[in-house]
Amino acid sequence: MNSHRALVEMAAAHRVPAICQKPFAPTLADAKAMVSACVAAGIPLMIHENFRWQTPIQAVRKALDSGVIGTPFWGRFSFRSGYDVFSGQPYLAQGKRFIIEDLGIHTLDIARYILGDVLALTARTRRVNSKINGEDVATILLDHENGSTSIVDVSYATKQSIEAFPETLIEIDGTEGAIRLSQGYKLQVTHAKGTANNDVAPSLLPWASRPWHNIQESVFAIQQHWTDCLKAGKETSTSGADNLKTFALVEAAYESAASKATVDIGSLLK
Ligand code: 89V
């Protein structure tokens, strides 16, 4: 993350389109500077925020866009796991910040992707695992611009009979029905005419392996989107400008957890 600004600015100086891994940058000020550098150079910048490209997340968005549940007024975006993420990525145990910065960033992005941009955020965090430095549990309340309220809850300290890693579970309530994405990639959509149940499992690409195939397929999908947008001259779904709004939620969550106050997102993005 510490290298991102220098590398993106180097790409901008050479007018080379850039993909930057999440988290965007060490600070929101760096991220804003990176967006400005790319705008000034006239090059596209995409943040590699791949979770919204997962097959089950795309299916939830499609169900909501179809209008069958009416206007959404409440949502929950949940990632609760006891998976030993530290054996593959030992650096995750070392940082002062952990779950919001590494994983919650994805969940917050999904909340924005499904229910739209956020006006205000309130967060609580804690560390359950004493062997790591950062927080491994976070509960975040979001006030969306469209008037809906959602909860983003993430945990790496949750031990259940079925380990759901790396699934994001989603509940959306609307004026005419409800959407439930539950463990095992099961999508249930209830509306005035009844209930539809669908399997929205990701495919296992030839080079992929379980349980990571969901994420691996989304990496393929975001790269495909990048090349499609480059060819068509279109802005990517997770452009630098878009991802500033997700990154602001990460910064706001740490600020709110520390101060116990609700953070106004608009003032962070000015
Ligand atoms: O997205 C990531 O960078 C990963 C994981 C999905 C495990 O959070 O760290």
Side-chain angles (χ1 to χ4, degrees), residues 1-2 4 21-28 31 47-52 54 56-57 75-114 118 121-142 150-171 181-184 210-216 218-219 243 246-263 265 268:
M1 176 174 44
N2 290 329
H4 290 183
Q21 180 57 288
K22 47 64 76 171
F24 206 140
T27 68
L28 196 52
I47 304 305
H48 198 280
E49 175 43 76
N50 51 307
F51 269 40
R52 64 166 74 178
Q54 291 173 7
I57 307 304
R76 179 180 175 200
F77 304 88
S78 178
F79 185 107
R80 310 196 75 78
S81 171
Y83 188 82
D84 175 19
V85 76
F86 310 108
S87 59
Q89 295 165 269
Y91 64 91
L92 292 176
Q94 288 149 19
K96 221 173 116 225
R97 293 177 167 190
F98 167 42
I99 198 167
I100 300 173
E101 182 177 270
D102 182 67
L103 187 278
I105 192 170
H106 293 305
T107 325
L108 289 163
D109 189 68
I110 291 171
R112 276 192 59 235
Y113 184 58
I114 302 292
V118 174
L121 174 155
T122 313
R124 296 292 181 269
T125 58
R126 62 172 292 173
R127 177 167 57 93
V128 175
N129 180 349
S130 57
K131 297 197 186 87
I132 65 170
N133 289 327
E135 81 293 346
D136 53 0
V137 178
T139 308
I140 304 171
L141 180 70
L142 301 175
S150 78
I151 298 157
V152 165
D153 61 292
V154 290
S155 165
Y156 270 122
T158 301
K159 299 164 180 80
Q160 300 191 80
S161 60
I162 295 173
E163 175 50 69
F165 182 90
E167 291 182 51
T168 303
L169 310 185
I170 298 182
E171 298 171 53
L181 174 65
S182 53
Q183 194 277 318
R210 292 176 196 279
W212 292 90
H213 62 302
N214 184 29
I215 293 175
Q216 288 162 328
S218 74
V219 170
N243 200 257
T246 293
F247 193 62
L249 300 183
V250 171
E251 291 299 299
Y254 284 111
E255 194 180 318
S256 173
S259 66
K260 297 276 185 290
T262 295
V263 176
I265 304 303
L268 285 182

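- A donor-acceptor pair is defined here as one N or O able to donate and one able to accept, closer than 3.5 Å; no such pair exists between the side chain of Glu101 and the backbone of Pro23.
- Counting heavy atoms from C-beta outward, Pro166 and Ser81 have side chains that stay 4.5 Å or more apart.
- Atom CZ in Phe79 sits 5.5 Å away from atom CZ in Phe51 (nearest 0.5 Å).
- Once rounded to the nearest 0.5 Å, the distance linking CD1 of Ile140 with CG of Leu121 reads 6.0 Å.
- Remark: the backbone N or O of Val128 is paired with a side-chain donor or acceptor of Asp136 at under 3.5 angstrom.
- Within the 4.5 Å cutoff, the side chain of Asp109 has heavy atoms near those of the Asn243 side chain.
- Rounding to the nearest 0.5 Å places CD1 of Ile151 at 6.5 Å from CG of Leu141.
- To the nearest 0.5 Å, atoms CD1 (Ile99) and CG (Asn129) are separated by 11.0 Å.
- Of the candidates Thr168, Asn50, Ile57, His106 forms a side chain to side chain contact (heavy atoms under 4.5 Å, CB included) with just one, namely Asn50.
- Of all heavy-atom pairs between Gly104 and Val154, the closest is CA-CG1, 4.1 Å.
- Considering all non-hydrogen atoms of both residues, His213 and Arg210 come closest at NE2-NH1, 3.3 Å.
- Salt bridge annotation for Lys22-Asp102: present, with a cationic side-chain nitrogen under 4.0 angstrom from a carboxylate oxygen.
- Heavy-atom minimum distance, Ala111 versus Val152: CB-CG2, 3.9 Å.
- Panel note: side chain Glu167, backbone Gly184; a donor-acceptor pair is recorded below 3.5 Å.
- Nearest heavy-atom pair across Ala31 and Phe247 is CB-CD2, 4.1 Å.
- Lys260 places a side-chain heavy atom less than 4.5 Å from the side chain of Arg124.
- Using a distance-only test at 3.5 Å, with no hydrogens or angles considered, no donor-acceptor pair links the side chain of Asn133 to the main chain of Gly95.
- A distance of 12.0 Å separates CZ of Arg112 from OG of Ser150, quoted to the nearest 0.5 Å.
- The backbone N or O of Ala252 lies less than 3.5 Å from no partner atom in the side chain of Ser256, so there is not a single donor-acceptor pair.
- The pair Arg97-Glu251 counts as a salt bridge, with a side-chain nitrogen and a carboxylate oxygen less than 4.0 angstrom apart.
- Across all their heavy atoms, Leu169 and Ser182 have their closest contact at CD2-C, 3.8 Å.
- The aromatic rings of Trp212 and Phe165 sit perpendicular, their planes meeting at an angle over 60°, well past the 30° parallel limit.
- A side-chain donor from one of Tyr254 and Glu135 sits under 3.5 Å from a side-chain acceptor of the other.
- Here Glu163 contributes atom CD and Arg80 contributes atom CZ; the two are 12.0 Å apart, rounded to the nearest 0.5 Å.
- Put simply, the side chain of Val219 reaches to within 4.5 Å of the side chain of His48, judged on heavy atoms.
- For Thr122 and Thr262, the side-chain atoms include at least one donor-acceptor pair closer than 3.5 Å.
- Considering every non-hydrogen atom in both Thr158 and Ser155, the closest pair reads OG1-OG, 2.6 Å.
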